[in-house]
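Before any comments, here is the structure.
Chain identifiers are assigned alphabetically (A, B, ...) following the order of the sequence lines, protein sequences preceding nucleic acid strands; residue numbering begins at 1 within each chain. Just so you know, these numbers use all the heavy atoms, side chains as well, and skip hydrogens, waters and symmetry mates. Nothing here was measured: the structure is a model prediction, and the numbers come from that model.
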Number of protein chains: 2
Amino acid sequence: MVQKRNPPAPRPKSAKPGLAKPAAARPEPPSGGVPPKRRGRPRAYEPDVALARALDVFWKDGFAATSLDDLSAATGMNRPSLYGAFGDKRELYKKTYESYRNRARARMGEVFAADMPLRPMLERIYGIALEMYLSGEDGPRGCFTVMTAASEAVFDPDIRAMAVSGLVEMDRFFARLFRTAQERGELAASADPQALASLASATIHTIAIRARARMPRADLEAIVNGAIDVMLRG
Amino acid sequence: MVQKRNPPAPRPKSAKPGLAKPAAARPEPPSGGVPPKRRGRPRAYEPDVALARALDVFWKDGFAATSLDDLSAATGMNRPSLYGAFGDKRELYKKTYESYRNRARARMGEVFAADMPLRPMLERIYGIALEMYLSGEDGPRGCFTVMTAASEAVFDPDIRAMAVSGLVEMDRFFARLFRTAQERGELAASADPQALASLASATIHTIAIRARARMPRADLEAIVNGAIDVMLRG
DNA sequence: GCTTATTTATACGAAGCGGTACATAAATCA
DNA sequence: TGATTTATGTACCGCTTCGTATAAATAAGC
């Protein structure tokens, strides 16, 4: 039950007791990268797009309900290739999660860089969040971090640490937002940026959960608008 | 991948084509209930406690990661008994979820009946929530509804409907709270009880997620206090 | 050409899964 | 007592799961 999640520890890999690692991405001379003239048979996949496909599946079904066959079908890679490229299921999950985080961070970074007044800024952030959480071919998928934090993946210390850092990162992002808005006088001096940041994160979380449960988009938008009003002392 | 979740449809059960249902709880003459003198071999389990044990497991691990062996071990019932009493894994899940909802509803009902001023009322509600979400022998378990909504369990329409109704019920509970507080003048007349209710629910959700990710209790309490201050126009 | 390096493709194996047949046990009813 | 009813315990079934062993394919280096 506990041990179930820590499988029997891979055997030393028959021959080659030395470099048993799943290879993954070789050093590969920086990124000046013309064809690096690799030696053996060329890959039939691009690691980045394969990872994105795997993300789609994990995002939709969660860790436990996703099988290697699902991942194989989604990426077009057969099982040994998958294993060779990304390691086992858990490692693959971590890598997809990392790519998700990077993507989300990038989008949030853009918004912050846009440097606009607080209210439209918040509206834009929540607009992006709704777009992400409601997307998905087979219905809304919610937020990967929330899924991860809520699901059994938390039993892995690494994954849990990643989830926590995802939550904290979002808190800090909002806190910075409110702090600068306050400095500019867009927010009452008596306001507590930290508390507002928590509420802003909480609003993200609640729409993620509700999107996943397939609540109608209009409801989610109403929640967002109400939250913004309160946060801005409507 | 989709069909995976809708297994081959149970065969008509060999003999007895008529009453094939898993029996569950027989009518059982109201509740005046001295020993009802049932006919065959007596049960070796109490349905209520068995359900509570099953809830513990599902709550900790989620639907997909919980095996019938886990449930069997937790309840002390062997697999056929489990099946006879509660139906298959999905049905058992639904029944455990229902019992969870009833429990949560009862506790919230108590608080509402206590009829105290808004702030201590909120403090007490979040206190109960934290207690529930942080409990669990192997670490905090968060909120079952959030877990359910976030996990693959939502792919079942029934379960999704239950999850949505759980979310809506909490919204309504908070809305009623804020409305009566407003009528009593404990809340500014300009306040929007609906929006505040969403935020109050969102705060529940965010602490559920964070508890599950094992954020320290003090952090969760700080979030709750900040949220209450903002909601009450601190 | 042959050797070496790297990836793909097939296919297997041990373990786990949900569910059920079947025989046994323990109670009531006649 | 024996028939009937209900629940248990064992053992099994077919299927899926994750991971890997092995062989074939495709490239570069010589």
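Using a distance-only test at 3.5 Å, with no hydrogens or angles considered, no donor-acceptor pair links the side chain of A:Trp59 to the main chain of A:Met147. Under the 3.5 Å distance criterion, the side-chain polar atoms of A:Lys89 are left unmatched by any main-chain donor or acceptor of A:Leu68.
Between B:Phe144 and B:Tyr93, the gap from one ring centroid to the other is short of 6.0 Å.
Distance A:Leu71 CG to D:dT16 P: 17 Å, rounded to the nearest Å. For the pair B:Lys89 NZ and D:dC15 P, the computed distance is 19 Å after rounding to whole Å. If you take OH of B:Tyr93 and C1' of C:dG19, they are 21 Å apart, rounded to a whole angstrom. C:dG19 atom P lies 5 Å from atom CG of B:Asp88, rounded to whole Å. In this entry the distance linking CZ of B:Arg38 with C1' of D:dT6 reads 7 Å, nearest Å. What separates CE of A:Met77 from P of C:dT7 is a distance of 10 Å, to the nearest Å. Protein atom CG of A:Asp61 is 15 Å distant from nucleotide atom C1' of D:dT17, rounded to whole Å.
Remark on DNA chain D: of its neighbouring residues B:Tyr45 and A:Asp69, the 5'-side contact belongs to B:Tyr45, judged by nearest-heavy-atom nucleotide. Nearer to the 5' terminus of DNA chain D, by closest-nucleotide assignment, is the contact made by B:Leu82 (compared with the other of B:Arg79 and B:Leu82). Projected onto DNA chain C by closest heavy-atom contact, B:Pro80 and A:Ala44 fall at different nucleotides, the more 5' of which corresponds to A:Ala44.
Closest to the side chain of B:Ser67, out of C:dC17, D:dA7, D:dA27, is C:dC17. With distances taken from any side-chain atom of B:Asn78 to the nucleotides C:dA9, C:dT7, D:dT10, the minimum falls on D:dT10.
Residue A:Arg90 has no polar side-chain atom (N or O) positioned under 4.0 Å from OP1 or OP2 of D:dC18. Contact annotation: B:Tyr83 reaches the phosphate of C:dT20 (side-chain N/O to OP1 or OP2, under 4.0 Å). Under 4.0 angstrom from either OP1 or OP2 of D:dA27 there lies no side-chain N or O belonging to A:Arg43. Listed pair B:Ser81 / D:dT8 meets the phosphate criterion, a side-chain N or O lying under 4.0 Å from OP1 or OP2.
In the helix from C:dG1-D:dC30 to C:dA30-D:dT1, the terminal helix axes, each the rotation mapping four pairs' C1' atoms onto the next four within five end pairs, subtend 10°, rounded to 10°.
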Under-3.5 Å N/O pairs linking protein and nucleotides 2-5 of chain D:
| residue | atom | partner | partner atom | Å |
| --- | --- | --- | --- | --- |
| D:dT4 | O2 | B:Arg39 | NH1 | 3.3 |

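Non-hydrogen atoms lying under 4.0 Å from DNA chain D are contributed by nothing in residues 48-56 of chain A.
The environment of B:Glu131 atom CD is dense: over 12 non-hydrogen atoms of other residues, nucleotides or ligands sit within 6.0 angstrom. Within a 6.0 Å radius of CZ in B:Arg176, other residues, nucleotides and ligands contribute more than 12 heavy atoms. Remark: A:Arg214 CZ is packed, more than 12 non-hydrogen atoms of other residues, nucleotides or ligands lying under 6.0 Å away.
Between B:Glu152 and A:Lys60 there is no salt bridge, since no side-chain nitrogen of the basic residue lies less than 4.0 Å from a carboxylate oxygen of the acidic one. A salt bridge is absent between A:Asp219 and A:Arg210; no separation between the charged side-chain nitrogens and carboxylate oxygens falls under 4.0 Å.
Annotation: the span from A:Asp61 atom CG to A:Thr66 atom OG1 amounts to 4.5 Å, rounded to 0.5 Å. Between atom CE of residue A:Met108 and atom CE of residue A:Met170 there is a gap of 4.0 Å, rounded to the nearest 0.5 Å.
Looking only at side-chain heavy atoms (C-beta outward), B:Thr148 and B:Phe63 stay at 4.5 Å or farther from each other. Side-chain atoms of B:Glu98 and B:Lys94, non-hydrogen and from C-beta on, never get closer than 4.5 Å to each other.
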